[in-house]
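Have a look at the structure below, then the notes.
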Amino acid sequence: MAFFLMRCLNNPDVHELREQIRPEHRAWVSSGGNGLVSVLIGSALVDDESRSCGNFGILEAKSRADAEAFAEGDPFRRAGIVATIELTPLPDTFQARRISEPMSPRLPAD
């Protein structure tokens with residue numbers, strides 16, 4: 001298993017569309033992209049005026065390809081809300097066990 005920091009930045013002027021798609025996005029996150037990943041924690045990102053400008057998450061995945069598929073399959077991305085996605089690997093020393101309530105089911109250990 002590997003851990004990734006996912007950072008997604010939105011296109012400008014997508015607030016109304018984001019609110020429409022948000023229930024689909026939340027269902028995607030809760031399911032870990034239908035089991036592609038485990039979303040350990042995440043949140044919206046806001047700009048200086050407290051408007052949503054993106055989101056972040058810490059993902060546990062079997063591979064980078066699974067983490068990428070999760071990010072690309074997110075309804076926010078498919079609807080054109082997300083402009084850019086960054087996936088940064090986290091070190092082996094990342095202490096995932098300190099996150100007590102993951103946002104989606106944990107992946108089974110191999």
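If you read the sequence from its start, that first residue is 1, and numbering goes on from there.
Taking all atoms of both residues into account, the shortest heavy-atom contact from Ala96 to Leu40 is CB-CD1, 3.8 Å.
The distance from the CE atom of Met1 to the CG atom of Leu107 is 4.5 Å, given to the nearest 0.5 Å. Distance check: Ser104 OG to Ile41 CD1 gives 12.0 Å after rounding to the nearest 0.5 Å. The distance from atom CD of Glu72 to atom CZ of Arg78, rounded to the nearest 0.5 Å, is 11.0 Å.
In this structure, Glu49 places its CD atom where more than 12 heavy-atom neighbours from other residues, nucleotides or ligands lie under 6.0 Å away.
For Ser30, there are no side chain to side chain contact (heavy atoms under 4.5 Å, CB included) partners two or more places apart in sequence or in a different chain. Not counting sequence neighbours, Arg26 has no partner by the side-chain hydrogen bond (donor to acceptor under 3.5 Å, both in side chains) test. In this view, Glu16 satisfies the side-chain hydrogen bond (donor to acceptor under 3.5 Å, both in side chains) rule with no residue, not counting sequence neighbours. For the salt bridge (charged side-chain N to carboxylate O under 4.0 Å, His left out) test, residues two or more places apart in sequence or in another chain that qualify with Asp47 are Arg51. Partners of Leu45 according to the side chain to side chain contact (heavy atoms under 4.5 Å, CB included) rule, which considers only residues two or more places apart in sequence or in another chain, are Arg7, Leu9, Cys53, Phe56. Asn10 meets the side-chain hydrogen bond (donor to acceptor under 3.5 Å, both in side chains) test with no other residue; sequence neighbours excluded. Remark: Ala44 pairs with Arg18, Ser52 by the side chain to side chain contact (heavy atoms under 4.5 Å, CB included) rule, at least two apart or across chains. Every residue meeting the side chain to side chain contact (heavy atoms under 4.5 Å, CB included) condition with Glu19, not counting sequence neighbours, appears here in chain and number order: His15, Arg22.
Using modelled atom types, no side-chain atom of Arg106 and backbone atom of Glu60 make a donor-acceptor pair closer than 3.5 Å.
For residues 82-95, the pairs satisfying side-chain hydrogen bond (donor to acceptor under 3.5 Å, both in side chains) are Gln95-Arg98, with sequence neighbours left out. Residue pairs meeting the salt bridge (Lys or Arg N to Asp or Glu O under 4.0 Å) criterion with at least one partner in residues 34-43, sequence neighbours excluded, are absent.
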side-chain contact (heavy atoms from CB on, under 4.5 Å) evaluation trace for Leu5 with Phe94: CA-CA 11 Å; Leu5 171 65; Phe94 177 70; over 6 Å; no
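Through chains of ILVMFWY side-chain contacts below 4.5 Å, Met6 is grouped with Phe4, Val14, Leu17, Ile21, Trp28, Val29, Leu36, Val37, Val39, Leu59, Phe70, Phe76, Ile81, Val82, Ile85, Leu87, Met103.
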